[in-house]
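Reviewing the structure listed below.
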Amino acid sequence: MITAIRPVPAAVTVRVPAKVNLQLAVGSVRDDGYHPLVTVFHAVSLSDEVTVRPAPRMALTVTGEDADAVPTDRSNLAWRAAIALAKAAGVRGADAAVRIEIRKRIPVAAGLAGGSGDGAATLVACNELWQAGLSQRDLAEVAAALGSDVPFSLMGGTAVGRGRGEQLTPALVAGSYHWALAFGRAGLPTTQVYATFDRLRATRTAAGATQSAEPSLSTELMTALRSGDPERVGPLLMNDLQPAALSMEPDLRRTLTAGREHGALGAIVSGSGPTCAFLATDAAHARELAVLLTGAGVCRAAVRASGPVPGATVVRDGGRS
Ligand code: ATP
């Protein structure tokens, strides 16, 4: 048998999508501090790109959207991902040093899983650069240890996430969905949004409201997604974190209202916010919504996107040596 020897790439570039949560059901906080989740992740065409190349020592640069707000040291999820992959693949010493270049289009602390995406992209890029040969399943295991949203950034498409969001099942979805994404003026730290969620829930419980500690999947939403009809999907979008995000950023109400007034079929805060996601009837409507929302001054900027799209994918594998 002849085994092909693959030349070692000098650099690998991976594109990774942002996500929106079509449903985010959050249960009561557990003793270990985590909230049990049932969520429907949906990968959209707004993406970051990560390039890795061999280097004398670890280094990381960030350019593009919100670059100043991203750490460039070992606290960056991409840096941590490179170290975790080297360990899992048995790559040691100088061989494990890489220069990581992140080109951001996904805003930071926006509820779009940008950091998790960069982590997932780095796993795929280093796996290719080092020709480590880890399977998708191996990568998913390393990803889950890095963060709850990292496995979905690897997988992409549309998927149901349980546990902390890392236990994934791909979802059957027909057609494409077109979105306008309105970015907030400042980021919302995920931990603070969950803390507000806990306070609001405690207040409601004290007032006598009955609330299920266990989140559950919306079967109506899953059926609507299989129909491929955005008119059916729009009203079923839901996010348990939305009241917390709105109480921290009351201006987001204006953003959501503006989108609905311009014909959005569904309007929702994405994940922990502050990005608002608006489901449009088609690509032209998504573009129109993005222009109108930007013009109305109810967000920092708005862009259009579509989904589902694939997870972290090699786009350039250049300069082979
Ligand atoms: P999620 O939706 O997964 O809760 P998010 O989209 O709200 O996350 P991120 O953009 O991932 O938020 O950023 C959260 C924090 O993570 C940032 O404030 C930043 O300090 C840190 N961080 C670490 N690595 C990165 C990275 N590669 N890109 C962006 N932020 C990063």
Side-chain angles (χ1 to χ4, degrees), residues 14-22 24 26 34-35 37 39-44 46-52 58-84 98-126 143-144 146-155 159 161 164-166 168 181-184 186-197 239-242 244-245 248-249 252 268-277 300 305 311-312:
V14 170
R15 178 180 304 141
V16 70
K19 61 84 186 161
V20 294
N21 302 79
L22 308 183
L24 180 50
V26 184
Y34 275 90
H35 295 79
L37 303 180
T39 187
V40 181
F41 289 115
H42 180 72
V44 293
L46 174 70
S47 57
D48 280 359
E49 274 190 8
V50 176
T51 299
V52 297
M58 287 294 292
L60 187 144
T61 60
V62 184
T63 52
E65 185 83 23
D66 291 343
D68 293 350
V70 180
T72 53
D73 59 12
R74 59 182 60 236
S75 69
N76 192 298
L77 212 50
W79 187 309
R80 288 172 45 211
I83 289 173
V98 283
R99 176 182 170 83
I100 303 169
E101 296 156 15
I102 303 176
R103 283 177 295 286
K104 289 205 77 72
R105 287 174 58 222
I106 307 173
V108 175
L112 296 168
S116 302
D118 298 341
T122 306
L123 292 179
V124 171
C126 288
L146 282 171
S148 313
D149 288 348
V150 186
F152 178 70
S153 299
L154 272 184
M155 179 188 266
R164 300 171 183 179
E166 82 290 7
L168 295 173
L181 303 176
F183 305 144
L188 272 182
T190 306
T191 48
Q192 287 180 29
V193 177
Y194 273 98
T196 307
F197 168 86
N239 179 1
D240 284 353
L241 292 182
Q242 185 159 307
M248 294 170 71
E249 270 307 323
L252 294 179
I268 197 169
V269 171
S270 175
S272 53
T275 303
C276 293
R300 174 162 60 94

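If you read the sequence from its start, that first residue is 1, and numbering goes on from there. In listed order, ligands and their atoms are each counted from 1. These numbers were taken from a predicted model, which means no experiment stands behind them.
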Pairing residues for Asp118 by the side-chain hydrogen bond (donor to acceptor under 3.5 Å, both in side chains) criterion, not counting sequence neighbours: Lys104
What residue and atom, counting heavy atoms only, is the protein's closest point to atom 9 (P) of ligand 1, and at what distance? Ala109 N, 3.5 Å
Could you go through the side-chain contact (heavy atoms from CB on, under 4.5 Å) check for Ile102 and Val50 one step at a time? CA-CA 5 Å; Ile102 303 176; Val50 176; 4.3 Å; yes
Please name the pair of heavy atoms, one in Gly114 and one in Asp48, separated by the smallest distance, quoted to 0.1 Å. O-OD2, 4.0 Å
protein heavy-atom neighbour closest to atom 4 (O) of ligand 1 works out as Thr190 OG1, 3.0 Å
Counting non-hydrogen protein atoms only, what is the nearest one to atom 7 (O) of ligand 1? Give residue, atom name and distance. Gly111 N, 2.9 Å
I want to confirm something. Looking only at heavy atoms, which of Ser270, Gly115, Gly119 is nearest to atom 11 (O) of ligand 1? Gly115
Nearest protein heavy-atom contact for atom 22 (N) of ligand 1: which residue, which atom, what distance? Pro71 CD, 3.9 Å
Within reach of ligand 1, part of Asn76 (heavy-atom separation under 4.0 Å): both
Thr275: partners by side-chain contact (heavy atoms from CB on, under 4.5 Å), with sequence neighbours left out: Ala110, Leu112, Leu181, Phe183, Ser270
Heavy-atom contact under 4.0 Å between Ser116 and ligand 1? yes
If you take all heavy atoms of Ser148 and Tyr34, which pair is closest and at what distance? OG-CE2, 4.5 Å
Residues Val150 and Gly119: closest non-hydrogen pair is CG1-C, 4.3 Å
Polar atom proximity, Leu112 to ligand 1 (N or O, under 3.5 Å): yes
Need the ligand 1 atom indices (1-based, order shown) with element for anything under 4.0 Å from a heavy-atom of Lys19. 2 (O)
Based purely on interatomic distance, does Leu188 place a nitrogen or oxygen under 3.5 Å from a nitrogen or oxygen of ligand 1? no
Identify the heavy atoms of Val44 and Pro17 that sit nearest to each other, and give their distance. O-CB, 3.2 Å
Judging by distance only, is a nitrogen or oxygen of Leu77 under 3.5 angstrom from one on ligand 1? yes
Per-atom contacts of ligand 1 with Asp118, taking only distances under 4.0 Å to non-hydrogen atoms: 26 (C), 27 (N), 28 (N)
Are any of the side-chain nitrogens in Arg15 or Glu49 under 4.0 Å away from the carboxylate oxygens of its partner? yes
Protein residue, atom and distance nearest to atom 17 (C) of ligand 1, heavy-atom basis: Val108 CG1, 3.7 Å
For atom 2 (O) of ligand 1, what is the closest protein heavy atom, and at what distance to 0.1 Å? Ala113 N, 3.1 Å
Could you tell me whether Gly273 and ligand 1 have an N or O pair separated by under 3.5 Å? no
Of the non-hydrogen atoms in Asp240 and Val26, which two are nearest, and what is the gap between them? OD2-N, 2.9 Å
Verify the contact flag for atom 26 (C) of ligand 1, where contact means a protein heavy atom under 4.0 Å away. yes
Is a side-chain donor-acceptor pair under 3.5 Å present for Thr51 with Arg103? yes
Run through Val14, Val124, Leu60, Ile100 and flag the one making a side-chain contact (heavy atoms from CB on, under 4.5 Å) with Val52. Ile100
Nearest to atom 3 (O) of ligand 1, what protein heavy atom do you find, and at what distance? Asp149 OD2, 2.6 Å
